[in-house]
Amino acid sequence: YLSVFTLSFLSCLCGCMFNLVVQMPPFINISAELLTTYWHVVGLHTWIRWRHFMKDPCLVALLQHVRDPDKNSYLDSSVWRNLQREVRMGARVFLVLQIIAIVWGYTIFSVPALQHWVSSQADGSEQ
C-alpha cells in the first residue's frame with residue numbers, strides 16, 4: 001500500500017509539473033497551476049509528518065494504555081467493539097467518497113482538457 005500510494009502521489013505531481021510546461025487545458029491560469037503543483041508538496045509533507053506522528057513511541061504507549069482493560073475501566077469489550085465497527089464504517093464511507101471525487105475530478109478536468117488539446121493539435125492551432 002505504501003509504495004502504491006507514494007508512486008501514485010509522485011506521478012500525479014509529475015503530471016501537474018508536466019502540465020505547467022505543456023499547458024493542456026484550454027484556459028491556462030498559471031497561478032492556479034502553480035498552486036496545484038505546490039499543493040502536492042504540502043500534501044506529501046503532511047503525509048510524511050503524519051506517518052512520523054503515528055510511529056511515535058509515546059503515542060503508541062498512550063493507545064496501548066487506553067486499550068488495556070486493566071488500566072482503563074471506561075472501555076469494556078462491548079464499547080471497544082462498537083468503536084471498531086464505527087471506525088471501519090467511517091473508513092468505508094471515506095473510501096467511497098474518495099473514489100467518487102477521483103472519478104469526478106478526472107471526468108470534469110482531465111478528459112475535457114485532453115480532448116481539447118488533442119483536437120487543437122490535430123487542427124494545427126495553438127492556444
Side-chain angles (χ1 to χ4, degrees):
Y1 170 77
L2 182 61
S3 60
V4 169
F5 177 80
T6 306
L7 287 174
S8 64
F9 199 85
L10 292 175
S11 66
C12 186
L13 172 63
C14 291
C16 287
M17 291 173 69
F18 179 74
N19 195 31
L20 281 171
V21 176
V22 176
Q23 300 180 351
M24 286 195 307
F27 305 106
I28 280 293
N29 182 345
I30 196 68
S31 60
E33 294 292 326
L34 286 171
L35 181 63
T36 302
T37 304
Y38 177 69
W39 195 249
H40 287 82
V41 175
V42 172
L44 191 59
H45 180 261
T46 303
W47 178 68
I48 290 170
R49 295 300 304 159
W50 178 255
R51 288 199 41 90
H52 284 287
F53 172 71
M54 293 304 292
K55 291 180 180 181
D56 184 18
C58 294
L59 178 67
V60 172
L62 173 67
L63 292 176
Q64 287 173 346
H65 180 77
V66 167
R67 190 164 183 214
D68 188 1
D70 297 331
K71 297 178 182 176
N72 188 352
S73 60
Y74 296 110
L75 287 179
D76 62 354
S77 62
S78 65
V79 172
W80 189 252
R81 280 193 307 272
N82 287 340
L83 178 63
Q84 286 178 330
R85 189 182 72 239
E86 290 174 8
V87 168
R88 286 184 182 131
M89 181 58 74
R92 289 181 184 121
V93 168
F94 281 123
L95 178 65
V96 169
L97 289 175
Q98 185 178 16
I99 291 170
I100 289 170
I102 290 169
V103 170
W104 184 35
Y106 177 75
T107 305
I108 291 174
F109 296 112
S110 301
V111 173
L114 180 63
Q115 289 171 349
H116 174 78
W117 185 66
V118 168
S119 67
S120 68
Q121 294 295 324
D123 296 343
S125 62
E126 193 69 33
Q127 286 192 7

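Annotation: the span from L34 atom CG to M17 atom CE amounts to 10.5 Å, rounded to 0.5 Å. Within the model, atoms CD1 of I100 and CG of L95 stand 10.0 Å from one another, a figure rounded to the nearest 0.5 Å. Taking CG from N82 and CZ from R85, the interatomic distance works out to 4.5 Å, rounded to the nearest 0.5 Å. To the nearest 0.5 angstrom, R88 atom CZ is 10.0 Å from L83 atom CG.
Listed by chain and residue number, F9, W47 satisfy the ring-ring contact (aromatic ring centres under 6.0 Å, His included) test with F5 (two or more places apart in sequence, or in another chain). Applying the side chain to side chain donor-acceptor pair (under 3.5 Å) rule to S8 yields no partners; only residues at least two apart in sequence or on another chain are considered.
The heavy-atom pair separating L44 from L10 by the smallest distance is CD2-CD2, 4.1 Å.
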List the atom pairs, donor and acceptor, that lie under 3.5 Å between side-chain atoms in residues 50-64 and the rest of the protein, sequence neighbours left out.
none

